[in-house]
Structures are given as C-alpha cells and as structure tokens.
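First the structure, in the form of structure tokens, and then the observations on it.
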Amino acid sequence: MPSLRCINCQSDYPTSKRIYTCPKCSGLLDVVYEAPEFQADRIISAWDERRASPKPIDQSGVWRYRELLPVAEESEIVTMMEGATPVWDAPRCAEYAGMNRLSFKHLGMNPTGSFKDLGMTTGITQARRLGATSVACASTGNTSASMAAYAARARMNAFVFIPSGQIALGKLSQALDYGAIVLQIDGDFDDAMRLVREVANKSPLYLLNSVNPFRLEGQKTIAFELMQQRGWRAPDRVIVPGGNLGNSSAIAKGFHELLERGVIAKMPKLTIIQAEGANPLYRMWARYREREKSETQNRDHEGSEAQNSESEKSGTRTRDRKVADLKLVPVAGATTLATAIKIGAPLSWPKAIRGINWSEGEVEQVSEQEIADAKAMIGLDGIGCEPASAVTLAGVRKMVAAGAIKPDEDVVAILTGHVLKDPDYTVNYHAGSLSFTGKNGERVAIESRYANAFTRVPAERDAILGILGL
Ligand code: F0G
C-alpha cells in the first residue's frame, strides 16, 4: 500500500489523511510505494500491452502505469484519456540550438492543452476518494483550466484563484467554459497561492495545487511515457520549464522510480530553465555553484593528495549535505511575458533540487528576447507552443553556446502548453509589437527577429496577384 512520507523528517502518514504538507515539520510530502516485488520485465510487458487496449484507463498515459500510482478502484478514476502525447523530432530547432538532434515531447496535446491534465486525473481521483465535493487552486492559468475540466467531469465544484489581469485569455476562457467559479485576486500568483492555502486550511475545499502530492504522481508519468516511447532507453538530458517547480519535481521522481526498479539504466540530467525575471531557483543554484567553485579553488591551493582523495570519496555525501543546506529566497514582483511561469515563491523547490541532485542536473535562465525567438523557431518546425514552453529551446541554445551541453547529446525538451493558449503573445510578436516592463518600470521592446506579419490587401484579384508577385 502506498503511503505519504515527509521528504524532510521522513514521517509516514496514510494516504487517506487529508494533508498537503507534513503536520510535524511542514515539509513536502511524497507518495511512496513499498513494492520490493516489482518485476520490471513483467510490468513493462503489461504497460506495453495496455497501449493497444481500448479501455479508457489503459488508453490514459497516466493510469496505464497504475502499478506505480496511488490505488484507486476503476470506478473512482476520473480520466479524460490524458497523456499519449507525441514525441517529435525538431530539425530546425536542433540547428537553431547548435545540436545534432533535438526532440520535443509535447504535453500541450493533452485534453485541456497542457501537462496539468496528467496531475489532475490523479488529483481529482484522490479528491473523490476522500469524499471532497469542492476543489480549489491558485493558477497562472493552465492549472485552473485543467482543474475546472476534471472537476466538471467528476461533478465537483471548482474554485480558482487567479492573479489579476495576468493570465492568458485562452486559459481564462477555458475555466469559465468548464463552469469553475473564478476569483480574480488583486495581486500576483504568489498572493493567490498564499490565499488559496489559507482558505483550504479553514474550509472543506480540497487543494489541488502541485503542493498536493497526488498531483505530482500523475505528472511523474511524463517520465514513464517518454521512456516507453523510446523503448525504455533514457536520454542524456531532459529540459523542463520551471515555475512553481511541481513538474520538474514530478518528472525527477518518475525517472528515479524507474531507475530504482531497474526499468532504466541511467537517470537523465534534469535541466530546469527559468525566465530571468522569475528566477528564484536559478539564483539559488548560481549561489551554490559559486560556493562550490570557491571551495574547489581553496582545496586546490591547499593541495594535499590525501585530502583530495578523501574529499572525492565523500563527494556525493558532501554534495547531498550542501544541497540540503540551500534556502530559496523568493523573488518579489516576479515578471515575464511567459505568464505561466511568472512565479517568485515556488512551493516545490526542495523536490526540484532533490531531482537535480539525483541526476546531476542544472538550472539555467533565459531572457525575454531569447524566449520569444525560441518560441518562433518552435513554430517554424510546425510544432508551436505557449511562451513558457519555449524557455526549453532558449535554454538549450544558451547552454550549447556555453559548452554546457554537447551538440551530440541525446536531449528531450518538454513542451508544456499548446500554441493556442496565448495567441495575443504570438500575434504581437509577429506584428512587431511585443514588449514588457523592465526592472525600473520602463517599456522594453522585443525585437521580432523571426516575424511573420500578415499583409492587408484590397478585396481584388489583380491587386492580390500583384502583391504576391505572381
Ligand atoms: N509551463 C506551463 C505552460 C505552465 O502552465 C506551468 C505552470 C509551467 C510550465 C511550470 O510548471 O509550475 O510545475 O514548474 N503553470 C502553473 C499554473 C503554475 O497555474 O497553471 P511548474
């Protein structure tokens, strides 16, 4: 039977307990599985066979992997056959990034157009198991769209807390259409997050943000499905956008569980990319790297061989301890046009850091200009995505240029949201009118380097032929 375990003090709780963090130390909770008898070969065959089955829970790219999910009766499962999303080669993007090859797993191809559906099927199913009739979340848009849809399927009431005027219209329209009660908070996402937690603690509302470990159980299947699509061969590196840091945490847990059970042979390097204006994890990581560099230099100065071999032996342990010492400092007034990841105080950062540590991963940041150009390039491969997803390509390009990623590495980037989520951004980019507010409140124009503006023409055949030069 799975249970809940605090990642901080290791206390265990039953999954029937309605808690989001550890009652003893407020640490984040994991769902853990005591299943030493996991037989990798047999289970992989079952997972492979289910891909051909017409049953909704087999078609679902989440419930297909139910041996490693919280138990639920089939009748309790709320699924929209989420998952089963494509992995595409992106030759133009590879060239743009300086890679030999690059592929994207596009989670925007889920029922509500983002990866949130993978976590919502498990989150809403758990809500139903606990007898909840009302669910709530704070959101930069996609979580609210997804929760609203799954709550509607389960006939539950959905309450969404969104930051004032800061979410893409496509996402807001979804939450309204799926019947959620939408509260626009006079504040940013971090305010909305704080408030929804306070309200959930004092009411019967069941909280479905990614601090809820049942959400992350669904999202970890991104790693499972990607591996299945690749014949269980792990890539060298997986690139993920970082906002509230639930998704990167979930993906890391997924890979780690497969590695522990002998399903894959290595852990891909988890590489999290943030927008420069909303980069608390990057800042923390940069401080850690600085400290690590200066300690190495000091050691080299001291230069005793005995000391060096001793430190090598205990290297992993020391890294674990040092990483555990890290503290995230929230970024006040986070800002980026990639509104999905406009978050200054991410909740799941300890799990994201754990994933980086497990996989010897990295954190990088990218500018608004880099995000906009990368998004246009992803469009030119015929794929398209919303702005937050494009940080992945921008990050790969930057890291290849810096020598941190080798051109022949096997890299998969995770696209998190559909191109139609934020059409304003796309149209403004191509029209040459995209701009953002800089650090000192000034307007900064984005250069539309790959602009594809539309042309106004008179409603006359000859004029059109003339303009087309035909
Ligand atoms: N990409 C998209 C399209 C997102 O919507 C989000 C998060 C992320 C990336 C970042 O994922 O938060 O797990 O690190 N959107 C949340 C929301 C915050 O409310 O829809 P994360």
Side-chain angles (χ1 to χ4, degrees), residues 28 85 104-110 112-120 123 136-149 160-163 166-168 170-172 174-175 180 182 185 188-190 192-193 196 207-212 215-216 218-220 222 239-253 270-275 278-282 328 334 336-349 351-353 355-356 363 366 371 375 378 384-393 395 413-422 425:
L28 297 172
T85 53
F104 289 119
K105 180 161 177 63
H106 205 329
L107 306 177
M109 300 297 154
N110 269 296
T112 77
S114 85
F115 68 95
K116 305 289 181 177
D117 297 341
L118 306 170
M120 229 29 101
C137 68
S139 181
T140 55
N142 282 324
T143 303
S144 56
S146 180
M147 190 189 77
V160 308
F161 291 46
I162 56 165
Q166 296 175 36
I167 83 169
K171 305 174 187 180
L172 175 61
Q174 286 180 289
V182 177
I185 308 286
D188 60 14
F189 171 82
D190 299 312
M193 190 67 244
V196 77
L207 183 65
L208 277 178
N209 277 102
S210 56
V211 67
N212 182 323
R215 273 272 315 276
L216 299 193
Q219 287 172 216
K220 82 180 178 193
I222 295 167
I239 318 278
V240 196
N244 213 11
L245 300 173
N247 205 34
S248 35
S249 302
I251 291 173
K253 185 173 190 276
L270 180 72
T271 305
I272 303 177
I273 318 289
Q274 295 201 298
N279 63 351
L281 187 78
Y282 173 79
L328 180 129
T336 169
L337 293 176
T339 50
I341 51 172
K342 190 173 170 185
I343 296 175
L347 288 183
S348 290
W349 69 265
K351 286 185 179 173
I353 282 294
I356 298 224
V363 187
V366 289
I371 298 171
K375 185 176 130 44
I378 295 168
C385 64
E386 69 164 281
S389 307
V391 301
T392 51
L393 177 61
I414 304 293
L415 298 181
T416 45
H418 198 279
V419 67
L420 293 177
K421 287 278 189 174
D422 192 353
Y425 182 105

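Both backbone and side-chain heavy atoms feed into the values below; hydrogens, waters and symmetry mates do not. All ligand and atom numbering here is 1-based and tracks the order in the structure.
The Glu386 neighbourhood of ligand 1 comprises atoms 3 (C), with distances under 4.0 Å to a heavy atom of that residue. Each of the atoms 1 (N) of ligand 1 lies under 4.0 Å from some heavy atom of Ala388. Atoms of ligand 1 found under 4.0 Å from any heavy atom of Gly246, numbered from 1 in the order shown, are 13 (O), 14 (O), 21 (P). Residue-ligand proximity, Ile343 to ligand 1, at heavy-atom distances under 4.0 Å covers atoms 18 (C). Near Ile341, meaning under 4.0 Å from one of its heavy atoms, ligand 1 places the atoms 8 (C), 9 (C), 10 (C). Shown in contact with Asn244 at under 4.0 Å from a heavy atom are these atoms of ligand 1, numbered in order with element: 12 (O), 14 (O), 21 (P). Taking every non-hydrogen atom of Asn142 and a distance limit under 4.0 Å, the qualifying atoms of ligand 1 come out as 2 (C), 3 (C), 4 (C), 5 (O), 20 (O). Per-residue contacts place Thr143 under 4.0 angstrom from the following atoms of ligand 1 (heavy atoms of the residue considered): 16 (C), 17 (C), 19 (O), 20 (O).
Residues Phe115 and Ile414 form no side-chain contact, since every pair of their non-hydrogen atoms from C-beta on lies 4.5 Å or further apart. The shortest side-chain heavy-atom distance between Pro346 and Leu281 does not fall under the 4.5 Å cut-off. Looking at heavy atoms from C-beta onward, Leu337 lies out of side-chain contact with Ile371 at the 4.5 angstrom threshold. Between Lys342 and Asp188 there is no side-chain heavy-atom pair separated by less than 4.5 Å.
Of the possible polar contacts, one joining the Lys105 side chain to the Thr85 backbone as a donor-acceptor pair under 3.5 Å is found. Here the side chain of Gln274 pairs a donor or acceptor atom with the backbone of Tyr282 at under 3.5 angstrom. A donor-acceptor pair is defined here as one N or O able to donate and one able to accept, closer than 3.5 Å; no such pair exists between the side chain of Ser139 and the backbone of Ile162. Not a single donor-acceptor pair under 3.5 Å links the side chain of His418 to the backbone N or O of Asn110. With Asp117 contributing its side chain and Ser146 its backbone, the two residues share no donor-acceptor pair below 3.5 Å. With Ser389 contributing its side chain and Gly417 its backbone, the two residues share a donor-acceptor pair below 3.5 Å.
With distances taken over non-hydrogen atoms, the option nearest atom 15 (N) of ligand 1 out of His418, Lys116, Lys421, Arg215 is Lys116.
By the 3.5 Å distance cut-off applied to N or O atoms, Phe115 is not counted among the residues near ligand 1. Considering backbone and side-chain atoms together, Ser139 places an N or O closer than 3.5 Å to an N or O of ligand 1. At under 3.5 Å, not a single nitrogen or oxygen of Gln219, backbone or side chain, sits near a nitrogen or oxygen of ligand 1. Of the polar atoms of Gly242, none of the N or O atoms is found under 3.5 Å from an N or O of ligand 1, judged by distance alone. For ligand 1, the polar-atom distance check against Ser389 finds no nitrogen or oxygen pair separated by under 3.5 Å. Where the criterion is an N or O separation shorter than 3.5 Å, residue side chain and backbone included, Gly243 meets it with respect to ligand 1.
The proximity of Asn247 to ligand 1, defined as any non-hydrogen pair under 4.0 Å, involves the side chain as well as the backbone. By the criterion of a heavy-atom distance under 4.0 Å, both the backbone and the side chain of Ala340 are placed next to ligand 1.
By the side-chain hydrogen bond (donor to acceptor under 3.5 Å, both in side chains) test, Glu386 is found to be paired with Asn142, Lys171, residues two or more places apart in sequence or in another chain being considered.
Distance from atom 1 (N) of ligand 1 to its nearest protein heavy atom, with residue and atom name: Thr416 OG1, 2.7 Å. The protein heavy atom nearest to atom 18 (C) of ligand 1 is Thr140 OG1, 3.4 Å.
Rounding to the nearest 0.5 Å gives a distance of 4.5 Å between CD1 of Ile239 and OG1 of Thr271.
Look at Ile272 and you'll find every heavy atom at least 4.0 Å from all atoms of ligand 1.
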